[in-house]
Amino acid sequence: MIFSLGFATLLSLLQVATAQTTTATSTAPGATSTVPLNYAAQAAGKLYFGSATDNPELTDVPYVTILNDTAMFGQLTPGNSMKWDAIEPEQNVFNFTGGDQIVALAEGTGKIMRGHNLVWYSQLPAWVTATAWTADELTSIIQTHVTTEVSHYVGKIYAWDVINEPLNDNGTFRSDIFYDTLGSSYISIALRAARAADPNAKLYINEYNLEYSGPKIDAMVQLVSDLKAEGVPIDGIGIESHYILGEVSASELKANMLNLTSLGVDVAFTELDVRIELPATDADLEQQKSDYTTIVSVCMEVADCVGVTVWDYTDKYSWIPASFPGYGEACPWDENLVKKPAYDGIVAGLQS
Ligand SMILES: *[C@@H]1O[C@H](CO)[C@@H](O)[C@H](O)[C@H]1NC(C)=O
Ligand SMILES: *[C@@H]1O[C@H](CO)[C@@H](O)[C@H](O)[C@H]1NC(C)=O
Ligand SMILES: *[C@@H]1O[C@H](CO)[C@@H](O)[C@H](O)[C@H]1NC(C)=O
Ligand SMILES: *[C@@H]1O[C@H](CO)[C@@H](O)[C@H](O)[C@H]1NC(C)=O
């Protein structure tokens, strides 16, 4: 009771402090809620509501002002600066400058970090893929990369995406330098190295298209089951959640998450956005609000869903327009850093 009174008082103070004016030039519907997202998530028993960010964005003072607000965001994920090409651009030459900058921002503003990512087929420096490594050589390369990066950030990362996107949509393992050289053993090699380097970090496999029923989620359930049976450390599965407008199935999403958590792992929405085919209409923005509510509500319904991360909070820095031509407006804040109806949708989900 004392907690809820204190929280309500704090919320009303924050509502006064962060109340936004609507831009006079915009005719689009905006958000009306002033409830901050991280506090709402934590009030609902979750660990965090967070956002991806990226180093080039950190010179944008209005953007960083919102990002810094710990009532709004309690967790950060670096979009690029902890990936292999940024961290180990040449063999045994490590560069932590970009990752350190985001960790410092998180530490300075009381946020936890998701480290993203250690082993992925994409954004690899040329030296990794240019040589026909033996299995022993590539094992050592993975161990050195994982051990050095995780050790550098030991104690500063809540959860690591140790393995990123290992599966094809048809449920087979993705063919890449790691799988083609080592088979699926590269996954346990990386997970064991990460555990040894930071025993307290949660170790995740992160993947897309686990939101829908089908061979991919079945294969992920099998993979987690196999890793657990072999005693390989695995603590969580990241459900990326890059949605297309109107394609949310709460029942499939929830069932898939429960299939994973029943094996003794956490789940999290790690890269949430809901892209719209452009131009977005007011009706689209209302549908997007509804989609965000539905998705976030499912995390509330699954006890071992620890938190939600949007793949940047604003359309200004969304990856969608460049990666999915003709689509955009996927984030809860618009390009002018004004909250969209989707913001109210997230609050409704967090308070469901
Ligand atoms: C390390 O990374 C930073 C950030 O990307 C970059 O500016 C810098 O040039 C890099 N340092 C070296 C020695 O490559
Ligand atoms: C954001 O927080 C960091 C870390 O405390 C601080 O150095 C920076 O000045 C803040 N930036 C803004 C725009 O508030
Ligand atoms: C599964 O998908 C991958 C990637 O598209 C493809 O290369 C492979 O042949 C497929 N395997 C089966 C059994 O369909
Ligand atoms: C997921 O759970 C459903 C309902 O309990 C079950 O029918 C299905 O077989 C499970 N899928 C997997 C891959 O375990």
Checklist line | ring-ring contact (aromatic ring centres under 6.0 Å, His included) involving Y121 - partner list, sequence neighbours excluded | finding: none
Check: D334 and side chain to side chain contact (heavy atoms under 4.5 Å, CB included): which partner among E329, K339, K340?
Finding: K340
Note to self: Between S290 and Q288, do the side chains contain a donor N or O and an acceptor N or O under 3.5 Å apart?
What the structure shows: no
Item checked: Ring centre gap for W333 and F73 strictly below 6.0 Å -> yes
Item checked: Pair F96 and Y153, ring centroids less than 6.0 Å apart -> yes
Next item on the list: Could you pull out all residues at least two apart from N259 that satisfy side-chain contact (heavy atoms from CB on, under 4.5 Å)?
Entry: V221
Check: side chain to side chain contact (heavy atoms under 4.5 Å, CB included) with C299: which of V308, D304, I239?
Finding: V308
Next item on the list: Go through the side-chain N and O atoms of E240 and N206 and say whether any donor and acceptor fall under 3.5 Å apart.
Entry: yes
Next item on the list: Check the pair N68, Y63 against side-chain contact (heavy atoms from CB on, under 4.5 Å), reporting the backbone distance first and the verdict last.
Entry: CA-CA 9 Å; N68 270 6; Y63 167 83; over 6 Å; no
Check: When you check the side-chain N and O atoms of D176 and W120, is any donor under 3.5 Å from an acceptor?
Finding: no
Margin query: My understanding is that only residues two or more places apart in sequence, or in another chain, count here; which of them pass ring-ring contact (aromatic ring centres under 6.0 Å, His included) with Y186?
Written below: F178
Check: Does one hydrophobic cluster hold both L285 and I320, with members joined at side-chain heavy-atom distances below 4.5 Å?
Finding: no
Notebook entry, point to check: Would you call the rings of H116 and W311 parallel, tilted or perpendicular if under 30° counts as parallel and over 60° as perpendicular?
Noted result: perpendicular
Check: So if you build clusters from Ile, Leu, Val, Met, Phe, Trp, Tyr with side-chain heavy-atom gaps below 4.5 Å, do I217 and V224 land together?
Finding: yes
Margin query: Under a 3.5 Å threshold, yes or no: a donor from one side chain and an acceptor from the other, between S81 and D54?
Written below: no
Next item on the list: Identify whether L182 and L167 are in the same connected component of the hydrophobic contact network (ILVMFWY, side-chain heavy atoms under 4.5 Å).
Entry: yes
Note to self: For the residue pair D136 / T134, report whether a side-chain donor-acceptor contact shorter than 3.5 Å exists.
What the structure shows: no
Checklist line | Donor-acceptor contact present, side-chain R174 to main-chain E165, <3.5 Å | finding: yes
Next item on the list: Report yes or no: is the cationic atom of K216 (NZ for Lys, CZ for Arg) closer than 6.0 Å to the six-membered ring centre of Y208, at no more than 45° off its axis?
Entry: yes
Check: Are E252 and N256 close enough that a side-chain donor and a side-chain acceptor fall under 3.5 Å?
Finding: no
Note to self: Pairing donors with acceptors under 3.5 angstrom, does anything connect the side chains of T309 and E271?
What the structure shows: no
Checklist line | Salt-bridge contact R275-D315 (side-chain N to carboxylate O under 4.0 Å) | finding: no
Note to self: Ignoring hydrogens and geometry beyond distance, is a side-chain donor-acceptor pair present between S318 and D312 at under 3.5 Å?
What the structure shows: no
Note to self: Checking Y327 against I276 for the side-chain contact (heavy atoms from CB on, under 4.5 Å) test, could you report, in this order, the C-alpha distance in whole Å, the side-chain angles of both residues, the deciding distance, and whether it holds?
What the structure shows: CA-CA 5 Å; Y327 287 81; I276 299 175; 5.8 Å; no
Item checked: Near-ring test W160/Y204, centroid separation under 6.0 angstrom -> no
Item checked: Cationic N near anionic O, under 4.0 Å, K316 to D60 -> yes
